[in-house]
Every structure is written in C-alpha cells, then in structure tokens.
There are 2 protein chains.
Amino acid sequence: MNYSIKEFSLKTGLSAPTLRYYEKEGILPFVKRDGNGNRIYDDENFEWMDCIVALRSSGMPMAEIKHYVDSFNDGEKTIQERKQVVLNHKLRIQNEIMQLNKHLDKVNYKLALYDILEADQKKQNKKL
Amino acid sequence: MNYSIKEFSLKTGLSAPTLRYYEKEGILPFVKRDGNGNRIYDDENFEWMDCIVALRSSGMPMAEIKHYVDSFNDGEKTIQERKQVVLNHKLRIQNEIMQLNKHLDKVNYKLALYDILEADQKKQNKKL
DNA sequence: GATCCCCTTAAAGTGGACTTTAATTACTTT
DNA sequence: AAAGTAATTAAAGTCCACTTTAAGGGGATC
C-alpha cells in the first residue's frame, strides 16, 4: 500500500513538515519518490515510523534515535550496539516512572492537606 | 536561618540566575533584601521552593505554577481552585506514568526480538 | 589602592524539536 | 485558460525554560 505525504501524515499523526523534517534528519530513510519528485510512503515506512514514534514519545532524544537508525543501516554487526541503546532507554523509562511515582506521592500528600483545610473551613462555617 | 543567593543556590540545587529568574517570573515571592540590595533567603523561601521544584520536575509548566502561586497569594478563597490545580496535575502525572508503561512494554518486546536475533546468530556460528 | 569575589540588572543567546513562511512547480477541476 | 489544491525546497521563526553576557556596584583582603 502506498501513501501520499498527506495520507501518511493522517496515518502517523505527524504533520507533513514533521515527516519531511524527520527524513532530512535521517530518522526516516528509504522514502521513495514519484515522477514529480513527490514522496511516496509505504507500509514499511509506516512500521519504521511507528517504532521511531514510540522511542520519541517515551523521551529518547532525536540524536540518539539518529544514532540508532544509523546503526540499523550498518547491518547485523551492530545488533549488540542497538540492543544496548534500547536497554539504556528501558532504564531511562524505568527511572522516569520511579521519579514520577515519587512526585505522585508528594502530590497526594498535598491533596490530603487540602482535604484537612477544607474540613476545617466547614467547621468554622458551622460555628458562625 | 538566612542564606545568601549562593548558599540558597547550593541548598536548593538551582543556579543563582535561575533563582533570580523564578523570582522575576513571580514563582518565588517574598525574597528580602539587605542594605546593599542583595537577596536574603530564609527557610520559608526554602519550603516554598521545595514545593515549586516538586511541581516543576514532575512536569507542571511554569505558567501553571505561576497561576498556582498567584492563587496562593489571593488567600483562602482560592483553596478550591488550588486543590483543583493539584488534582489536575495528579491526573497528568498518572497519565504520563501510564504512557511510559506502554512504551516500556514496547521496549521490552523489542529487547525480546533482539534476544531471538542473537540466539539465531549463535546457531549460525555453530554451523560454520 | 589594586585585586578578588560576590552581588546587581537588563538583554541577548541557547537547545531541542519542531512549525511557519516564502517562493516555486505541477496536476486537476471549472 | 484561470483557479484551486497539493507538493517541493531552504530558511527563518517559535516555544519553553533557562543560561550567558555585558556592564557595573559594594566590601573584604593583600
């Protein structure tokens, strides 16, 4: 299945300029062109993009993704290296989740304080 | 206890320019000055900053923190409003954690694929 | 009294990840 | 043939949260 940039934009949820930008940055390689030089995307491009988007939206920086893609293009000899990149990313995500849970605790503590404040206010109103 | 900007910077882990920036943005109010116009921070400032830093590092945007601080300065009548802000933030954090867990699943799946790839490579090497 | 070190302000610069603009080309529809 | 729609490129702009720079003012120390 082939897609114009507009269709691919809809399918991926990325704007057309973003797709061009990713391609220019080397993050989305192997995009074909038609006779007029217009981009034609296929399902393989989609799978690639799907993977990249997952890495991006879980906080991997562009530069690291670029590195990963470049390794990929260097073939099988880089499997170890790529696995390591993904492993590091896993640790990064786990760390982030831990941090967020800590902050969640603090926020819940604050909410508890607000509950007490509110209860006190109600008492005061009763007295009036 | 009083602190110079340098000491307070050490205590909070925020750079002196960042402290001045936060103050200018209205996020850290009530900072006193000495005779020469130099800032003097106290423990109340620290507690405030501690709370703000927790909100910031769990992803609350500056503008929202500013709003929260402004409400705080408007007194008790804004308790409901402030509680709502914190509650929204709690939901944001929970959402973020959920998203990250999804991405973690994807990453683990990818790692499993790499394990299979590696196993296959070893087999191939045995054959040679 | 020159040298440090810390402080002040306003303003300009930075980094990352896009987004927007401008100028141009090509196909399609009326 | 004119108008409309979608594509192309390079380059400039945007947003956020700082960071850095520039220009200067105390006050303690050698």
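Note that the structure is predicted; figures quoted are calculated from it, not measured. Atoms considered below: every heavy atom in the structure, side chains included; atoms not considered: hydrogens, waters and symmetry mates. Just so we're on the same page: letters track the sequence lines, and every chain starts at 1.
- OP1 or OP2 of C:dT9 sits under 4.0 Å from a side-chain N or O of B:R33.
- Taking OH of B:Y3 as the start and NZ of B:K11 as the end, the distance is 3.5 Å to the nearest 0.5 Å.
- Between A:S15 and C:dC18 there is no side-chain N or O to OP1 or OP2 distance below 4.0 Å.
- Side-chain nitrogen and oxygen atoms of A:R20 include none within less than 4.0 Å of the OP1 or OP2 phosphate oxygen of C:dA17.
- Here A:Y22 reaches the OP1 or OP2 of C:dC18: one of its side-chain N or O atoms lies under 4.0 Å away.
- Checking B:M62 against A:I5, the closest nucleotide of DNA chain D that is more toward the 5' end is the one next to A:I5.
- Not one side-chain nitrogen or oxygen of B:R39 sits closer than 4.0 Å to the OP1 or OP2 atom of C:dC7.
- Atom CD in A:E25 sits roughly 10 Å away from atom P in C:dC18 (whole-Å rounding).
- Bounding nucleotides for the chain B contact on DNA chain D, 5' to 3', at a heavy-atom distance below 4.0 Å, are D:dA17 to D:dG27.
- Position along DNA chain C of the nearest nucleotide to B:E7 versus B:K24 favours B:E7 as the more 5'-ward residue.
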Working for side chain to side chain contact (heavy atoms under 4.5 Å, CB included), residues B:V85 and B:H89: CA-CA 6 Å; B:V85 170; B:H89 187 54; 5.7 Å; no
Go through the steps for A:I5 and A:R20 under the test side chain to side chain contact (heavy atoms under 4.5 Å, CB included), then give the verdict. CA-CA 9 Å; A:I5 196 167; A:R20 292 193 193 100; 3.7 Å; yes
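- A parallel orientation is assigned to the rings of B:F8 and B:Y41, their planes being inclined by less than 30° (bins at 30° and 60°).
- Using a 4.0 Å cut-off between a side-chain N of Lys or Arg and a carboxylate O of Asp or Glu, A:E25 and A:R56 do not qualify as a salt bridge.
- Axis deviation across the helix from C:dG1-D:dC30 to C:dT30-D:dA1 amounts to 30°, comparing end segments of five pairs, rounded to 10 degrees.
- Among pairs with a residue in residues 101-112 of chain A, those fulfilling salt bridge (charged side-chain N to carboxylate O under 4.0 Å, His left out) read A:K106-B:D50, at least two apart in sequence or across chains.
- Each of B:N36 and A:N36 was assigned the nucleotide of DNA chain D with the nearest heavy atom; the assignment lying further toward the 5' end belongs to A:N36.
- C:dA26 atom P lies 10 Å from atom CG of A:N38, rounded to whole Å.
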